[in-house]
Amino acid sequence: MTTFLEYLIKGVSVGSLYALIALGYTMVYGILQFINFAHSDVFMLGAFFSWRLATAFHLTEPTPLGATAILLAAMSLCALTGFILERFAYRPLRRAPRLNVLITAIGVSLFIENVGQLPWAFGKNVQQFPPLVADHTFTLGGVNVRLVEVITVGAAVVLMVGLNLLVYRSKIGRAMRAVSIDHNVAGLMGVPVDRIISFTFVVGSALAAAAGLLVGITYGQIKQPADSSWILYGLKAFVAAVIGGIGNVEGAMLGGLLLGLSEQFVAGYVSTVFRDAIAFGMLIVILLVRPNGLLGRRVVEKV
Amino acid sequence: MTTARAAAPTASKVGAPQALARSLLPVAIAVAAALLVDLLAPADSYAEKLLFDIGINVILAVSLNIVNGFTGQFSIGHAGFMAVGAYVSIVVTYYGGYALFGDVIPHESWAGYALYFGSIVAGGIGAALAGYVVGLPSLRLRGDYLAIVTLGFGEIIRVVLQATPDALGVREMRDGIPAPDGTLHKLSRLEWPLHLGGALGFPHPGAYNSLAWTWVAVAITIMVAYRLRESTHGRAFLSVRENEIAAEAVGVNTTRYKVNAFVLAAFFAGVAGSLFAHQIGAGTASRPEEFNFMKSFEAVIMVVLGGMGSISGAAMAAVVLTLMTELLRSVGDYRLVAYALTLILVMILRPQGLFGSEEVWQIARRWWAKRAK
């Protein structure tokens, strides 16, 4: 029972990280109908920006204030990155076939990774992530819980509640939803479509940056920018978005949690080897059984 | 495209033996050229390795072009099928070689080469079967979803390969593997192929391959792709690319043709994998990690740069990019940055790729015609 609970907590913690990244995929997909392949790299940059900032300011001791400052700084930097990506790589292709946009996204992804691993950028070594959160483990009724896991879940919940308020309660959120339904009509109604698309990238990238920082703290070290584990993490988050129904904000959160939990349970009870395969297995099943995801609405294709 | 369409009726007027000769002649010339290159290139040289790499990449790019270029479906899991081909073929030469000859070293005899030929075919068929299994469900999806599913399948194949038990040694095949109680557990021959070397791959891939094998395979791949595009089948592929709904409306079974294209592409990827696994000096070539999604991306980049649907474009992009990789070794990591930038710039400035869907000679002919005026 205790192991079950431990897997559960770990699953929720990993799942909320997936959910944070998945939100970026799902929002961009909802608005532009394309997979932002470079999103996993923005997430990676989030981890590296926070590492760079933390080492630059000699934050070697766990301080709540320092961690929050780093979080906000990394989120702003990644938001800026997201803005630049959209402005200079994707906007010129707004009217191009979707395939071209997808290929460009792959190109952008490769570009960020390979620039990132240059010596003057982040280098090729595994970097020790400064302990911004005390590596503290407490026991609740026989169940070991890491402080990092609690903070991860807490931060994710705060950010997701914030996002929900933004999307469903604010004027700009209404504009985002309008653009995602039909950006031509939204444009005719006076919604500044380009600015809304930029804003979507900014918000998604900021959330990915938060996930990057939390991943860095959770694992204590980060692998080099071009390491395939970053892309794999991003792809799994994308799978989470598809499972929940791509384009759907709640769906991304639900999918993230489902994926995190099933991964931890499979790794715990079956074998760790198949942890990476489970996400794609789930993706294929979902796409065959319910192609629009758990919470997605059915799209009728018109000629 | 217009030139190809105009050429088709004249081709049908030619008698069957002549048509056969016309289709086989280029292969014969290519085979002769391949043998000549094999004789001229000094063994174990840098040039040989380079020619080998180019050959493998040409096969990969031209075969991926059948899916991505002809039918317009975006597959980015090509390395997965290459991995299946590599492993199936190496199982055939390794365990099959033991069953035939009693050891696992390459046999430079007719029997050995027959085994190798069989293993290449088996690798291709294995990959084609994998392509069928993957393609049937996933080709119902479109665009981005298909891309991600193929990528996912490629990764699953790699993960599963990494999880396999170590390859068997000669003694283990003969006597069995030690059980916990100290006795030897004899494995049946059917159990042998489950031992694929795990994360480190096969310890001694048989070095059966040579440039002749590689370039004959290149010639066959190009000819098949070329002849295919001029055939009824190929026209159906192109119609799926141009407008799927219209193709469906005129009676093209789009799903079937997509699966066909996928299976054919997977077959040649498997052939490339077989050649790759048996290359001399490629001691670690069968490591599953070799077939990760970077390998798939490389093939995609070649197809995209060359122009979707252009066979000569894909082949030339494969040659140029492989050479570029070698020439840019001195600038180290900036090479990959340049790669990525090229991809982005080509997409923004010339979205149809360098040659579009035309062949190099079609473009050249038009260019000459314009100049003559």
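Naming convention: chains lettered A, B, ... in sequence-line order (proteins, then strands); numbering from 1 in each chain. Both backbone and side-chain heavy atoms feed into the values below; hydrogens, waters and symmetry mates do not.
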- Shortest non-hydrogen pair, Ala340(B) vs Gly107(A), comes out as CB-O, 3.5 Å
- Query: Do you know which of Ile231(A), Val115(A), Val239(A), Ile278(A) has the most heavy-atom pairs with chain B at a distance under 4.5 angstrom?
  - Reply: Ile231(A)
- Tell me, yes or no, whether the heavy-atom count around Arg195(A) atom CZ, taken from other residues, nucleotides or ligands under 6.0 Å, exceeds 12. no
- Region of Leu283(A) that comes under 4.5 Å of a non-hydrogen atom in chain B: side chain
- Task: Measure distances from Val242(A) to the heavy atoms of chain B and classify the residue's part below 4.5 Å as side chain, backbone, both or neither.
- Result: side chain
- By a 4.5 Å heavy-atom criterion (distance strictly below it), what part of Val304(B) contacts chain A: side chain, backbone, both, or neither? side chain
- Turns out that what part of Ile157(B) lies under 4.5 Å from chain A's heavy atoms comes down to neither
- Which of residues 29-37 of chain A have a heavy atom under 4.5 Å from any heavy atom of chain B? Tyr29(A), Gln33(A), Phe34(A), Ile35(A), Phe37(A)
- Leu345(B), part contacting chain A, at a heavy-atom distance under 4.5 Å: neither
- Note on the structure: When every non-hydrogen atom of Leu93(A) is compared with those of Met347(B), the smallest separation belongs to CD2-O, 3.6 Å
- Item | Residues which pass ring-ring contact (aromatic ring centres under 6.0 Å, His included) with His78(B), listed by chain and number, not counting sequence neighbours | none
- Would you find more than 12 non-hydrogen atoms of other residues, nucleotides or ligands less than 6.0 Å from Tyr132(B) atom OH? no
- If you take all heavy atoms of Leu102(A) and Ala147(B), which pair is closest and at what distance? CD2-CB, 3.8 Å
- Which of the residues Ile344(B), Val159(B), Val300(B) is involved in the greatest number of heavy-atom pairs with chain A at under 4.5 angstrom? Ile344(B)
- Item | Interface moiety of Tyr90(A) toward chain B, non-hydrogen atoms closer than 4.5 Å | neither
- Scanning both residues in full, the closest heavy-atom pair of Asn100(A) with Pro351(B) reads ND2-CB, 2.8 Å
- Query: Can you tell me how far the CZ atom of Phe74(B) sits from the CD1 atom of Ile106(A), to the nearest 0.5 Å?
  - Reply: 4.5 Å
- Considering all heavy atoms of both residues, which atom of Pro92(A) and which atom of Ile348(B) are nearest to each other, and what is their separation? CB-CG2, 4.1 Å
- Of Leu341(B), Thr342(B), Leu343(B), the one forming a side-chain contact (heavy atoms from CB on, under 4.5 Å) with Phe111(A) is Leu341(B)
- Heavy-atom pairs under 4.5 Å with chain B are the metric here; pick the option from Ile103(A), Val101(A), Val108(A) that has the most. Ile103(A)
